[in-house]
2 protein chains.
Amino acid sequence: MNARQKTERTRLSAEDWELGALELIAESGVNALAVEALARRLGVTKGSFYWHFRNREALLLAALERWEQHDEADVLAQIEPIDDPRERLREIFHRVAREVPSHRIYAALLKALDHPVVLPLMTRVSQRRIQFLTEAYLQASMPPEEAAHRARLAYAAFVGFLQLNLALGMPRLSHEEFDAYVEHVAETLIPH
Amino acid sequence: MNARQKTERTRLSAEDWELGALELIAESGVNALAVEALARRLGVTKGSFYWHFRNREALLLAALERWEQHDEADVLAQIEPIDDPRERLREIFHRVAREVPSHRIYAALLKALDHPVVLPLMTRVSQRRIQFLTEAYLQASMPPEEAAHRARLAYAAFVGFLQLNLALGMPRLSHEEFDAYVEHVAETLIPH
DNA sequence: GTTCCACCATACGCATGAGTATGTAAGCCC
DNA sequence: GGGCTTACATACTCATGCGTATGGTGGAAC
């Protein structure tokens, strides 16, 4: 009946808790990840949780590592096969714009950078992504120094875009305006 | 003796509390703004606070409105007198880069956009700033639609820059590299 | 020099959320 | 079909942080 209350009345595994945690984080941020609240969502009580995990932080760590290895790694993997670097960059921009919901977790983590578990993870992820962008610009025959700068700029624009778009409902653009905006970003940040 | 414990043993005003609140927010974020913690910083107890303010939210609101009217308004006011729009844009980018600490509060508020008091304020501020940028691009004889897009892009880059630079210690650039980066941003985002 | 009140201290109540202690029911296992 | 393990419930303790109730004090006013 209700898909969220009792999706299978089987018993839970640690993975179920991790996936539930990621859902919660995506919806309401890292702070909203509370043990009892998540237990209610999963249709059980705290007693279950403390069997699977040592404490709240252990769950957070496990959930974020799962996210880093699965979701996060996928993004780059799907774009990597594109040969032409300019085309690859265009694809990145368009994906970022189109698949905004899938970046919900990343946006939530951006707001929790002061958390000791989140910070090292985000440092890794961000460095990796900037590195990826830098190489794309290099392959588009941009001088090394300029490529590094442009990658930083593009990534900063991505991060800011997420903030303004998800948290703030900022732009409030129509479909056409939005496409035009993304096109403008590509025109501005991708060398000709 | 200790400038933080007893800066003047006079009694406090609502303004003192608001300024203290802004300091705390800049240092540790909106969540760190706790009544008793702030009272300790000011060398008094809660009893004082609840004489000046109805509750915690009232303080937050007052502090943020003070910030919006003073600090925030100053930024635009100082740049507005510059005649040449291209020069004005360059000055904006350089100020943002140089005066990073003064944007600490803005960065902290970005991480608290889910808070009902913060959201409307940040919506106002962001819209105002994007508007300001848009007009600068228009005066630099950029077509209206393109100007709006470029303003959004520049502002997103600013927001992302703050996140990556303050929270994450991201770039970790030397002085020279940093200047070169800012120069690259100006070259890329300001029309010739 | 007493009065008054703005400002503050002290001591509560109360809700929330983490973590613990302990009991219990439903499989396998042979 | 007793026994062990896995998974969960129940019922607490404890810390934190907001808000309240009430009493105290120093300095301006007269």
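Each chain gets a letter, A, B and so on, in the order its sequence line appears, and its residues count up from 1. Heavy-atom basis, side chains included; hydrogens, waters and symmetry copies ignored.
Aromatic ring centres of A:Phe158 and A:Phe161 lie farther apart than the 6.0 Å criterion allows.
Rounded to whole angstrom, the span from the CZ atom of B:Arg40 across to the C1' atom of C:dT10 amounts to 15 Å. One can place CG of B:Asp16 at 12 Å from C1' of C:dC7, the figure rounded to the nearest angstrom. Distance CG (A:Leu38) to P (D:dC8): 12 Å, rounded to an integer number of Å. When the C1' atom of D:dG17 is taken as reference, atom CG of B:Asn31 falls 13 Å away, rounded to whole Å.
Across all non-hydrogen atoms, the minimal contact from A:Glu15 to A:Arg66 is CG-NH2, 3.3 Å. The two atoms that bring B:Leu138 and B:Pro143 nearest to each other are CD2-C, 4.3 Å, heavy atoms only.
Taking 4.0 angstrom as the limit, B:His52 places a side-chain polar atom (N or O) nearer than this to OP1 or OP2 of C:dC8.
Looking only at distances, no side-chain donor or acceptor of B:Arg104 sits under 3.5 Å from a matching main-chain atom of B:Glu27.
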Check nucleotides 19-23 of chain C against the protein and report each pair of N or O atoms closer than 3.5 Å, with its distance, or say if there are none.
residue, atom, partner, partner atom, Å
C:dG19, OP2, A:Tyr50, OH, 3.4
C:dG19, OP2, A:Arg56, N, 3.0
C:dG19, N7, A:Lys46, NZ, 2.8
C:dG19, O6, A:Lys46, NZ, 2.1

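A:Arg128 and A:Glu68 are joined by a salt bridge, as a carboxylate oxygen and a charged side-chain nitrogen come within less than 4.0 angstrom of each other.
Candidate nucleotides C:dA9, D:dC8, D:dA7 were compared by shortest atom distance to the side chain of A:Trp51, and D:dA7 ranks first.
Below 30°, between 30° and 60°, or above 60°: for A:Trp67 and A:Tyr106 the angle between ring planes is between 30° and 60°, a tilted geometry.
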